[in-house]
Amino acid sequence: MSRAIPRSVAASLVLAMLAAAPVASAQQFKPYVGQQGKDVVWVPTPDEVVERMLNMAQTKSEDYVIDLGAGDGKIAITAAKKFGARALGIEYNPDMVAHAQSNARAAGVLGKAQIIQGDIFATDFTQATVLTMYLLPSLNMKLRPQILAMRPGTRVVAHAFNMEDWEPDETSDIDGRRAFLWIVPATVNGRWAMELSGGGASEKLSLSLDQKFQKIEGSAYMGAVQAGLREPRLSGARISFTYVDSKGVRRDFTGQVTGKSMEGSFRTDGGQEGRWSATKK
């Protein structure tokens with residue numbers, strides 16, 4: 001025997017069903033390869049590539065890893081779970097964000113790895129010490145000026161696509177896939193006033209440096225002598241170079257760049273050691 005349901009009860013049931021529908025939909029969300037996003041389609045990075053990318057960056061527990069276009073959260077989760085780092089993923093699709101957060105919860109790293117909803121071109125990622133991405137070349141290039149303005153020494157790793165004339169510091173191949181590493185260089189181009197002390201020298205001279213990303217060349221000016229730099233190298237904020245002075249003594253320099261100043265130590269080919277510093281003119 002059927003019984004009529006009061007209209008008020010029926011309305012309550014309908015409202016309850018409507019309220020439950022979005023929850024069920026969110027629980028059933030499953031990303032698929034080729035899923036359209038804001039700027040790219042979603043293609044997951046294989047686990048072995050993720051691990052190599054984080055190894056290339058020499059990720060440590062003290063690092064802050066930010067993944068641009070986080071997708072299902074795999075890179076942020078791996079950075080937290082396997083490398084002990086604090087990690088953040090930036091993902092535009094809110095359904096994917098909820099899915100990635102669920103993955104982080106299941107992996108037991110929700111306290112160290114978070115995935116947030118955001119636009120990678122409008123969200124600040126400059127606090128990262130390790131930056132990861134799997135984006136199209138045009139997007140890499142659009143982000144490049146902001147990446148180059150990050151703290152010198154920041155490690156940047158990309159899956160599959162490079163950044164044109166900014167050559168990578170390392171390229172790795174993993175079962176037919178490619179990953180690139182860049183170390184954000186300090187800005188050193190221009191003229192520097194340099195002072196030496198110890199190591200058989202106490203003098204002032206001028207240093208001129210030309211720079212294209214992490215590649216540098218230049219000269220040391222000692223009165224009428226312009227000595228070309230040998231083996232100049234810049235890695236993040238670390239700089240090294242060599243020149244032969246006006247007396248025929250070879251000096252090997254290593255140092256650290258801090259804004260508009262540099263300082264470090266040098267060693268002569270005779271084994272004497274000294275200190276040096278330089279200030280941007």
Side-chain angles (χ1 to χ4, degrees), residues 56-58 60 62-63 126 128-131 141 144-158 162-172 180-281:
M56 289 170 74
Q58 295 183 281
K60 302 289 190 296
E62 59 267 27
D63 279 313
T126 57
T129 59
V130 175
L131 189 70
M141 291 301 292
R144 194 174 83 169
Q146 189 173 356
I147 292 172
L148 282 166
M150 293 177 73
R151 184 170 46 249
T154 301
R155 291 91 76 200
V156 182
V157 196
N162 63 22
M163 282 194 266
E164 295 187 3
D165 58 336
W166 183 13
E167 297 179 7
D169 292 281
E170 181 191 334
T171 301
S172 285
F180 304 97
L181 167 74
W182 297 265
I183 299 173
V184 174
T187 300
V188 299
N189 63 296
R191 202 73 172 240
W192 297 77
M194 186 173 176
E195 294 188 22
L196 278 61
S197 61
S202 180
E203 59 183 286
K204 296 181 180 181
L205 60 148
S206 183
L207 189 69
S208 179
L209 295 172
D210 293 318
Q211 177 178 12
K212 183 176 181 181
F213 306 113
Q214 75 272 42
K215 298 190 180 298
I216 59 172
E217 57 184 19
S219 300
Y221 292 83
M222 298 164 284
V225 176
Q226 177 184 340
L229 299 184
R230 303 181 184 182
E231 304 167 8
R233 178 173 172 76
L234 180 66
S235 179
R238 298 193 305 274
I239 190 169
S240 62
F241 55 88
T242 295
Y243 67 75
V244 176
D245 71 12
S246 55
K247 296 179 181 179
V249 177
R250 172 181 169 130
R251 301 184 187 279
D252 297 303
F253 295 80
T254 58
Q256 194 82 3
V257 183
T258 306
K260 294 185 177 182
S261 65
M262 300 189 287
E263 64 176 348
S265 61
F266 70 87
R267 184 182 179 89
T268 71
D269 50 7
Q272 293 179 302
E273 297 182 353
R275 300 289 302 175
W276 70 277
S277 63
T279 305
K280 188 79 173 285
K281 290 185 177 181

- Message: Take a 6.0 Å sphere around CZ of Arg250 and say whether it holds more than 12 heavy atoms from other residues, nucleotides or ligands.
- Response: yes
- Message: To the closest 0.5 Å, what do you measure between CG (Leu131) and OG1 (Thr154)?
- Response: 8.0 Å
- Message: Working note: Leu196 + Arg251, criterion side chain to side chain contact (heavy atoms under 4.5 Å, CB included); need CA distance, chi angles, decisive distance, verdict.
- Response: CA-CA 11 Å; Leu196 278 61; Arg251 301 184 187 279; 4.0 Å; yes
- Where Leu234 and Pro185 come nearest, the two heavy atoms and their spacing: CD2-CB, 3.9 Å
- Grab the two heavy atoms, one from Arg155 and one from Ala57, that are nearest each other, plus how far apart they are. NE-O, 2.9 Å
- Considering only heavy atoms from C-beta outward, does the side chain of Met262 approach that of Leu207 to under 4.5 Å? yes
- Message: Within a 6.0 Å radius of atom NZ on Lys260, are there more than 12 heavy atoms belonging to other residues, nucleotides or ligands?
- Response: no
- Message: Do Asp63 and Gln58 have side chains that approach each other closer than 4.5 Å (heavy atoms only, starting at C-beta)?
- Response: no
- Message: Minimum heavy-atom separation for Met150 and Ala128, please, with both atom names.
- Response: CE-O, 3.8 Å
- Please test Arg238 against Gln256 for side chain to side chain contact (heavy atoms under 4.5 Å, CB included), starting from the C-alpha separation and ending with a verdict. CA-CA 5 Å; Arg238 298 193 305 274; Gln256 194 82 3; 3.5 Å; yes
- Message: Would you compute the distance between atom CE of Met141 and atom CE of Met163 and round it to the nearest 0.5 angstrom?
- Response: 8.5 Å
- Message: Determine whether the aromatic ring centres of residues Trp276 and Phe241 are separated by less than 6.0 angstrom.
- Response: yes
- Task: Would you check if Ile183 and Pro152 make a side-chain contact, meaning some heavy-atom pair closer than 4.5 Å?
- Result: no
- Item | Side chain proximity check, Val225 to Tyr243, heavy atoms < 4.5 angstrom | no
- Task: Nearest 0.5 Å please: distance from the CG atom of Asn189 over to the CD1 atom of Ile216.
- Result: 10.5 Å
- Query: Do we get Arg144 above Phe213's six-membered ring, with its NZ or CZ under 6.0 Å from the centre and within 45° of the axis?
  - Reply: no
- Inter-residue atom distance Leu209.CG - Leu229.CG, 0.5 Å rounding: 6.5 Å
- Applied to residues 193-218, the salt bridge (Lys or Arg N to Asp or Glu O under 4.0 Å) test, sequence neighbours excluded, yields Glu167-Lys215
- Item | Check: Arg230 and Val244 side chains under 4.5 Å, non-hydrogen atoms | yes
- Item | Side-chain heavy-atom pair Arg151, Val184 within 4.5 angstrom cut-off | no
- Item | Close side-chain approach of Gln214 and Trp166, heavy atoms under 4.5 Å | yes
- Query: So do Thr126 and Gln146 actually touch side chain to side chain, heavy atoms under 4.5 Å?
  - Reply: yes
- Task: Specify the closest pair of heavy atoms between Ala186 and Gln211, including all atoms of both residues, with the distance to one decimal.
- Result: O-NE2, 2.8 Å
- Does a side chain donor of either Glu170 or Ser172 reach within less than 3.5 Å of an acceptor in the other side chain? yes
- Hey, what do you get for OG (Ser219) to CZ (Arg191), rounding to the nearest 0.5 Å? 8.5 Å
- Message: Would you compute the distance between atom CZ of Phe266 and atom OG of Ser197 and round it to the nearest 0.5 angstrom?
- Response: 6.5 Å
- Query: Taking all non-hydrogen atoms of both residues, which atom of Thr171 and which atom of Phe180 are closest, and how far apart?
  - Reply: OG1-CD2, 3.5 Å
- Message: So which atom in Thr268 and which in Gly199 form the shortest heavy-atom distance, rounded to 0.1 Å?
- Response: CG2-O, 3.7 Å
- Message: Tell me whether Arg233 contacts the main-chain N or O of Ile239 through its side chain, where contact means a donor paired with an acceptor under 3.5 Å.
- Response: no
